[in-house]
Amino acid sequence: MGVARGVTAAIVLILMGQQAVAAELAQSASVPQAGATVTEWPNPWQFRLRALGVITEDSGYVNAVPGSDLSYSNTVTPELDISYYFTDNIATELILGTTYANIEGQGAIGALGNVGKVWLLPPTLTLQYHFTNFGAFKPYVGAGVNYTIFYNQHAGSADALKVDNTFGTALQVGFDYMVDQHWGVNFDVKKLFLKPDFDVTVDGAKQTGKAELDPWLIGAGVTYRF
């Protein structure tokens, strides 16, 4: 019995000691030591609003027409991007915007003129590396994927036109210049590799082809870091 009581008392003392140590550690974690510097981790979310120039590569073809070529209109459109920082250096960015393209026949199909007009929504997700050793000047590079949705498609000289939704890849370089902790200005250049297939009907004959858009996206705007 005496041994049992001794063991029981020892267990109780050990448990009480563990609770006291845990309480002391919790208090030490919650109360900064004298002279210690408290560093607040920055909010990981960032938004940018840009004016975006979309400059396409004028290339493409109709499969059954040798010497056929295509060109596309360039546009300027507003664009929103949302970034999330995993660390000070690693972030991911999603860009959202929409624009249109007029499609013109060139080369052997130049007589067609305006083949049609399509609207496109090209959400693009990139993984970025941000350089942090230049003070307020914060350059970055990135690479990622794109999925372009073509909608509101209207035929011009063609009887019918349908451009297929497609995946593409993206490369990116840019910089933020931070005016203060939250606000900055941004300049960004992306290259999308985008080659959708299309179906077109002219004079009742259905043809297929490829539109080699491969646009440059050149943007400038403002940055806000929460």
Side-chain angles (χ1 to χ4, degrees), residues 47-65 68-84 92-107 109-110 112-128 141-174 186-202 206-223:
F47 289 82
R48 298 187 186 94
L49 183 63
R50 302 187 185 105
L52 190 69
V54 182
I55 304 172
T56 59
E57 299 280 339
D58 291 329
S59 185
Y61 52 86
V62 176
N63 289 321
V65 183
S68 59
D69 201 356
L70 297 169
S71 68
Y72 321 96
S73 58
N74 300 324
T75 59
V76 177
T77 186
E79 177 259 318
L80 172 70
D81 88 51
I82 304 168
S83 296
Y84 185 87
T92 186
E93 177 194 83
L94 175 66
I95 71 164
L96 301 169
T98 188
T99 189
Y100 67 89
N102 285 305
I103 304 171
E104 305 286 333
Q106 300 290 328
I109 57 173
L112 291 176
N114 180 262
V115 177
K117 177 180 178 180
V118 299
W119 282 81
L120 53 151
L121 177 67
T124 302
L125 182 67
T126 59
L127 183 66
Q128 302 171 329
V141 294
V145 294
N146 161 270
Y147 184 72
T148 299
I149 301 167
F150 296 90
Y151 66 100
N152 283 354
Q153 305 190 43
H154 301 287
S157 59
D159 302 325
L161 173 68
K162 183 181 184 303
V163 183
D164 296 336
N165 300 339
T166 189
F167 281 98
T169 56
L171 297 176
Q172 175 185 36
V173 63
N186 174 261
F187 181 76
D188 184 271
V189 177
K190 293 182 183 70
K191 176 65 173 181
L192 301 187
F193 299 92
L194 188 63
K195 296 177 171 62
D197 295 321
F198 66 85
D199 299 323
V200 64
T201 302
V202 178
K206 186 175 181 179
Q207 305 284 350
T208 61
K210 188 175 289 292
E212 299 181 355
L213 297 168
D214 292 344
W216 290 92
L217 308 182
I218 303 174
V222 295
T223 297

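Index from 1, following the sequence.
- Sorted by first and then second residue, the salt bridge (charged side-chain N to carboxylate O under 4.0 Å, His left out) pairs involving residues 53-63 (not counting sequence neighbours) are Glu57-Lys191.
- Between Ile95 and Leu217 there is a side-chain heavy-atom pair separated by less than 4.5 Å.
- In terms of modelled atom types and a separation under 3.5 Å, the side chain of Ser68 and the main chain of Ile109 share no donor-acceptor contact.
- Rounding to the nearest 0.5 angstrom, the gap separating the OH atom in Tyr72 from the CD atom in Gln106 is 10.0 Å.
- In terms of heavy atoms, Lys117 sits closest to Tyr100 at CE-CD1, 3.6 Å.
- Within the 4.5 Å cutoff, the side chain of Lys210 has heavy atoms near those of the Asp197 side chain.
- At least one donor-acceptor pair closer than 3.5 Å links the side chain of Thr77 to the backbone N or O of Thr98.
- Contacts of Asp81 classified as salt bridge (charged side-chain N to carboxylate O under 4.0 Å, His left out), with partners at least two apart in sequence or in another chain: Arg48, Arg50.
- Taking the side chain as every heavy atom from C-beta outward, Tyr151 and Asn165 never approach each other to under 4.5 Å.
- Minimum interatomic distance between Thr166 and Pro196 (heavy atoms only, all atoms of both residues): CG2-CB, 3.8 Å.
- Partner of Thr124 under the side-chain contact (heavy atoms from CB on, under 4.5 Å) criterion, chosen from Leu94, Asn146, Leu96: Asn146.
- A distance-only check finds no donor-acceptor pair linking the side chain of Asp69 to the backbone of Gly107 [under 3.5 Å].
- Proximity of Ser59 to Asp214: side-chain heavy atoms (C-beta onward) are nowhere separated by under 4.5 Å.
- Taken to the nearest 0.5 Å, the CG atom of Leu213 stands 13.0 Å off from the CZ atom of Phe193.
- Residues Phe47 and Leu49 have side chains not in contact (no heavy-atom distance under 4.5 Å, counting atoms from C-beta outward).
- For the residue pair Gln207 and Asn63, no side-chain donor N or O sits within less than 3.5 Å of a side-chain acceptor on the partner.
- Using a 4.5 Å cut-off on side-chain heavy atoms (C-beta onward), Tyr147 and Leu121 make no contact.
- Ion pair Glu93/Lys190 flagged as a salt bridge, since at least one NZ, NE, NH1 or NH2 atom sits closer than 4.0 Å to an Asp/Glu carboxylate oxygen.
- The shortest side-chain heavy-atom distance between Phe187 and Ile218 falls under the 4.5 Å cut-off.
- Between Gly97 and Pro122, the shortest heavy-atom distance links the atoms O-CD, 3.1 Å.
- Annotation for Ala170 and Thr126: closest pair CB-CG2, 4.5 Å, computed over non-hydrogen atoms.
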Can you give each donor-acceptor pair under 3.5 Å made by side-chain atoms of residues 156-164, sequence neighbours left out, with the distance rounded to 0.1 Å?
residue	atom	partner	partner atom	Å
Ser157	OG	Leu112	O	2.6
Ser157	OG	Asn114	O	3.0
Asp159	OD2	Asp203	N	2.8
Asp159	OD2	Gly204	N	2.9
Lys162	NZ	Asp164	OD1	3.2

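- Each of Thr56, Val54, Asn74, Val189 was scored for a side-chain contact (heavy atoms from CB on, under 4.5 Å) with Trp216, with one residue passing: Val189.
- Side-chain contact between Phe198 and Val115 is absent, with no heavy-atom pair separated by less than 4.5 Å.
- Atom CG of residue Leu120 and atom CD of residue Gln153 lie 9.5 Å apart, to the nearest 0.5 angstrom.
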